[in-house]
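Report on the structure given below.
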Protein chains: 2
Amino acid sequence: MQTPTYIFTDDFSGFEEVFKAAPHRRVSFEKGDSLWASGQPFSPIYYILSGTAMTCIHHEEGRRKILSFHGRGTVFPVYHANQFKIERSIVTQALEEVEALEFTGAQFRGMMQENFSFTDAVIDWYASYVNLLLYETAHQEYNSALLKLCNLLYLLSDKKGGPDDRQIHLSQEELADVLAVNRVNLSRHLSRLRQEGIISTGRKQIQVLRPDLLADFCSSETV
Amino acid sequence: MQTPTYIFTDDFSGFEEVFKAAPHRRVSFEKGDSLWASGQPFSPIYYILSGTAMTCIHHEEGRRKILSFHGRGTVFPVYHANQFKIERSIVTQALEEVEALEFTGAQFRGMMQENFSFTDAVIDWYASYVNLLLYETAHQEYNSALLKLCNLLYLLSDKKGGPDDRQIHLSQEELADVLAVNRVNLSRHLSRLRQEGIISTGRKQIQVLRPDLLADFCSSETV
DNA sequence: CGACTCATTGACGTAGCTCAAGGTATGTGG
DNA sequence: CCACATACCTTGAGCTACGTCAATGAGTCG
């Protein structure tokens, strides 16, 4: 039974050879580059070979909401036929150097038509994205800022790895922009968790010292 | 360029004959019935022949979030292979008598594999649902309760119809549960709009008198 | 070393939540 | 058709979590 993920990776890496064999354009982006011009509905589709990109939506009042992160072996945006107004506000930026293969919608659709297990992967991707968004809209929305934060830290920290792997390399501003809470308020809740010995904080990094105690703070929809 | 929709209808009605020809079970639900037992991840898929159903998520603290409405000619839930934890909290209820055709995931996947234009419809459905959820997570989240309400009224009211069609037959509690705001607070904002002559309210119904003035209150992501 | 960006802490305002009481349609059974 | 119950709606008063503004501190980099 799956919990939400903010970080997409390797959900298409089984098709890397298919991507390389299909007609495409090879592209690379420097840190900070946008994958497409902002203000436009998106049209190309990227399969990421290496690097990480971050997708966010800019609100007309000047805020931004960070939606998800896309690493190697995944695709963004995923194929769809219709254009939506909100796409114009969506921006995907490289957080580090990104190497990718670029496809048109028609090329991508052709690959789905030829290979139905590829279509399965597309459906899986959509289902995961819907799951993340449902979690945010229908669950996190009702939680206090502290609970939201604990849930996010829990989901972002790598439960499998050792203590050194349980680091989250995001600034407080970025965390605040994922949760749609105020940066100052977020800082206060982080100090609380720091005082309780659950995390330690540094510049652009948070380490989860006690995942067990953190889990106690989280909602049952999360752990 | 599409704006979000809360009410899904007729996005699969072009395939009604395909549904009827495929192996299925015919089912009907009385007003108030759930389409599947609550607390379970869902497994059957329904094509709705008539009636309307409402999907909501129950939060562990006792609140509920109304997600979407599903009328004739649409499908819910749409096919996916993985199971997600949050599905256990999702309930879809008949708002009136619902006649539907029930399919298993395997049957549904078979139909997608046989008929690629059916797969196109599934992708369109997912894209619309993601669009709605992005709108809620990344746009409405940052709006004040009044702006949220105006946006919702605008999206729910039938812009094509005449004055009598611009009625919304939902209780204030249901509207509040769509917007994740307090019922009392919602009532106050409705009185404001009533005082401005934009809407008239009654028991379980709101009529939009001046769609033009309402649009002025809405955000640009909505109109 | 200076100029960033990032993080912390305090003081204060307010939108929205909660509790509570009362009002008004709608439906039902006698 | 009326009495009563029930759901739905309205309005008031007070609280609080979060947002905003502002000033200061603490890493990092050229």
Side-chain angles (χ1 to χ4, degrees), chain A residues 31-32 54 59 61-66 93 95-96 136 140-153 167-196 198-207 217 219, chain B residues 31-32 54 59 61-66 93 95-96 136 140-153 167-196 198-207 217 219:
Chain A
K31 177 174 175 177
M54 176 177 86
H59 188 273
E61 302 297 332
R63 298 152 200 280
R64 67 164 184 177
K65 156 78 187 177
I66 297 178
Q93 287 184 302
L95 292 178
E96 55 200 36
E136 294 221 324
Q140 287 281 62
E141 168 99 27
Y142 297 96
N143 295 334
S144 70
L146 176 62
L147 181 48
K148 277 184 178 176
L149 171 60
C150 292
N151 285 342
L152 180 64
L153 292 177
Q167 290 195 357
I168 298 163
H169 293 279
L170 293 173
S171 70
Q172 295 191 1
E173 176 142 26
E174 286 168 328
L175 285 176
D177 287 347
V178 174
L179 293 177
V181 302
N182 190 273
R183 186 174 47 79
V184 177
N185 194 21
L186 188 96
S187 178
R188 284 187 244 267
H189 290 301
L190 282 173
S191 356
R192 156 111 190 253
L193 293 174
R194 205 185 317 119
Q195 277 161 31
E196 305 220 11
I198 295 173
I199 60 169
S200 70
T201 63
R203 203 182 157 78
K204 276 198 170 198
Q205 70 101 349
I206 291 165
Q207 180 157 13
F217 271 87
S219 61
Chain B
K31 178 176 175 175
M54 176 177 86
H59 188 273
E61 301 298 332
R63 298 154 200 279
R64 67 164 185 178
K65 156 79 188 177
I66 298 178
Q93 287 184 302
L95 292 177
E96 55 201 35
E136 294 222 323
Q140 287 281 62
E141 168 99 28
Y142 297 96
N143 295 333
S144 70
L146 176 63
L147 181 48
K148 278 184 178 176
L149 171 60
C150 292
N151 285 342
L152 180 63
L153 292 177
Q167 290 194 357
I168 299 164
H169 294 280
L170 293 172
S171 69
Q172 296 192 2
E173 176 143 25
E174 287 168 327
L175 285 176
D177 288 348
V178 175
L179 293 177
V181 302
N182 190 272
R183 185 175 48 80
V184 177
N185 195 20
L186 188 96
S187 177
R188 284 188 243 267
H189 290 302
L190 281 173
S191 1
R192 156 110 191 254
L193 293 175
R194 205 185 316 119
Q195 277 161 31
E196 305 220 11
I198 295 173
I199 60 170
S200 70
T201 63
R203 208 181 154 77
K204 276 200 171 199
Q205 69 102 348
I206 291 165
Q207 180 158 12
F217 272 85
S219 61

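Each chain gets a letter, A, B and so on, in the order the sequences are listed, and its residues count up from 1. Remember, it's a predicted structure, so these values are computed and weren't measured experimentally.
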Is A:E141 paired with B:R63 through a side-chain N to carboxylate O contact shorter than 4.0 Å? no
Looking at [N], I'd like to know if its phosphate oxygens (OP1 or OP2) sit under 4.0 Å from a side-chain N or O belonging to [X].
{"X": "B:S171", "N": "D:dA7", "answer": "no"}
{"X": "B:Q172", "N": "D:dT10", "answer": "yes"}
{"X": "A:T201", "N": "C:dC6", "answer": "no"}

A:R188 or B:V184: which one's nearest nucleotide on DNA chain D is closer to the 5' end? B:V184
Pairwise 5' ranking along DNA chain D for A:R203 and A:N185, keeping only the more 5' one: A:N185
Using whole Å, report how far [atom1] of [X] lies from [atom2] of [N].
{"X": "B:H189", "N": "D:dT10", "atom1": "NE2", "atom2": "P", "result": "13 Å"}
{"X": "A:N182", "N": "C:dC6", "atom1": "CG", "atom2": "P", "result": "16 Å"}
{"X": "B:H169", "N": "C:dT26", "atom1": "NE2", "atom2": "P", "result": "12 Å"}

Check: A:R183 side chain, D:dG19 base, donor-acceptor under 3.5 Å: no
Measuring from A:I206:CD1 to A:L152:CG, what's the distance to the nearest 0.5 Å? 8.5 Å
Using a 3.5 Å distance criterion without hydrogens, assess whether the side chain of A:Q195 forms a donor-acceptor pair with backbone atoms of A:R192. no
Candidates D:dT10, C:dA7, D:dA22 - which lies nearest the side chain of A:S187: C:dA7
Mind grabbing the angle between the end helix axes of the helix from C:dC1-D:dG30 to C:dG30-D:dC1? Five pairs an end, 10° rounding.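 Here the helix ends are tilted 40° relative to one another.
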